[in-house]
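Please read the structure below before turning to the comments.
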Amino acid sequence: MKTTNKYIVLSILFIVPLLFYIFLSMGMNNFAKLPVLTNNVVDVSIVDKNYKFEGKISIVLFPGSKPELVKGEIFNLNQKIYKPFYGFKDFQMIVVCPEESKTQIIKIQKALGNYTDMLRWNFMFAKDEVVKALYDSFNTNESLDANLHTSMAFIIDKELNLRGRTDDKDMADGKLFGYNMGSVGELNDKMKDDVKVVLAEYRLALKKNSADRKK
């Protein structure tokens, strides 16, 4: 009886890791990736040469020329998206602002810093036409408002593609280009899940590449 139990334990120790490896390998082909809605957006380096989208998973927002009026959106995003994910080294927050908003943005930065590690928050300023050019390259179904603001936060992947949904039940055409920062529910129920999917994509790819190199 003891011998039988020993073989059972040994079989489990051998089979479980094997099944896990097979699962990872199959996952690379069958994993439900987050759709690409816009290819090759303009890189944020046009705004600030110290930053780029390439090689990073970026959450991008446009608070406009009067950010104090919409700071609640930034705080929502901080709580629901930034805090759960800022520990990933290839994750970053990109806030693109008109030059005239600098004084207000500094106040918002200080307020966030009172209870947040600001490590991956990046604020940058540009002329109005540059802000608009970057946003227009996202090719969404909405325009910036008169203050160069949108309530939408966007996911840009490491290859400069805008990710989102093509089958969202709340959108008439199913396309969800960005996530409403004014809605805690949408950030929590949709955006958080979608960021997890994108992060998982790259981690699975990394594991597969590592496994391939060992062969």
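Counting begins at 1 with the first residue of the sequence. Just so you know, these numbers use all the heavy atoms, side chains as well, and skip hydrogens, waters and symmetry mates.
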Donor-acceptor under 3.5 Å ([X] side chain, [Y] main chain):
X	Y	result
Asp90	Lys56	no
Glu54	Asp43	no
Gln104	Glu68	yes
Thr150	Met152	yes
Tyr86	Asn78	no
Asn147	Ser65	no
Asn161	Asn40	yes

Quick one: [atom1] on [X] to [atom2] on [Y], what's the gap to the nearest 0.5 Å?
X	Y	atom1	atom2	value
Leu148	Asp128	CG	CG	5.0 Å
Ile108	Cys97	CD1	SG	8.0 Å
Leu37	Leu176	CG	CG	8.0 Å

Taking atom [atom1] of [X] as the centre, does the number of heavy atoms from other residues, nucleotides or ligands within less than 6.0 Å exceed 12?
X	atom1	answer
Lys158	NZ	yes
Lys102	NZ	no
Lys190	NZ	yes

Is any side-chain N of the basic residue among [X] and [Y] closer than 4.0 Å to the acidic one's carboxylate O?
X	Y	result
Arg165	Asp170	no
Arg163	Asp194	no
Glu129	Lys132	no

Side chains of [X] and [Y]: closer than 4.5 Å at any heavy-atom pair?
X	Y	answer
Val70	Ser151	no
Val44	Ser58	no
Leu77	Met93	yes

Closest heavy-atom pair and its distance - [X], [Y]:
X	Y	result
Tyr82	Arg120	OH-N, 3.0 Å
Ile81	Lys192	CD1-N, 3.7 Å
Gln92	Phe53	NE2-CA, 4.2 Å
Leu34	Val198	CD2-CG2, 3.6 Å
Ile59	Ala153	CG2-CB, 4.3 Å
Pro67	Ser101	CD-CB, 3.7 Å

Going hydrophobic residue to hydrophobic residue with side-chain gaps under 4.5 angstrom, can you get from [X] over to [Y]?
X	Y	result
Ile94	Met118	no
Tyr179	Met181	yes
Phe91	Leu112	yes

Please step through side-chain contact (heavy atoms from CB on, under 4.5 Å) for the pair Met191 and Glu186, ending with a clear verdict. CA-CA 7 Å; Met191 190 174 192; Glu186 184 162 318; over 6 Å; no

No-hydrogen, no-angle side-chain donor-acceptor test under 3.5 Å, Thr140 and Tyr135: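 A pair is found: one side chain offers a donor N or O, the other an acceptor, under 3.5 Å apart.
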
For Phe123, check ring pair (Phe, Tyr, Trp, His ring centres under 6.0 Å) against everything at least two apart and list the hits.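 If we apply the ring pair (Phe, Tyr, Trp, His ring centres under 6.0 Å) test to Phe123, skipping adjacent residues, the hits are Trp121.
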
Do the ring planes of Phe154 and Phe138 sit parallel (below 30°), tilted (30 to 60°) or perpendicular (above 60°)?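 Perpendicular, since the angle between the ring planes exceeds 60°.
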
Taking it one step at a time, do Val131 and Phe62 satisfy side-chain contact (heavy atoms from CB on, under 4.5 Å)? CA-CA 8 Å; Val131 174; Phe62 298 83; 3.9 Å; yes

Non-neighbouring partners of Thr38 that pass side chain to side chain contact (heavy atoms under 4.5 Å, CB included), sequence neighbours left out: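 With sequence neighbours excluded, Thr38 shows a side chain to side chain contact (heavy atoms under 4.5 Å, CB included) to Val41, Asn139, Leu162, Phe177, given in chain and number order.
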
Checking side-chain contact (heavy atoms from CB on, under 4.5 Å) for the pair Glu201/Ile57: CA distance, chi angles, key distance, verdict? CA-CA 11 Å; Glu201 284 182 39; Ile57 297 167; over 6 Å; no

After noting the C-alpha distance and the side-chain angles of Phe75 and Thr116, does the key distance pass the side-chain contact (heavy atoms from CB on, under 4.5 Å) rule? CA-CA 10 Å; Phe75 294 155; Thr116 299; over 6 Å; no

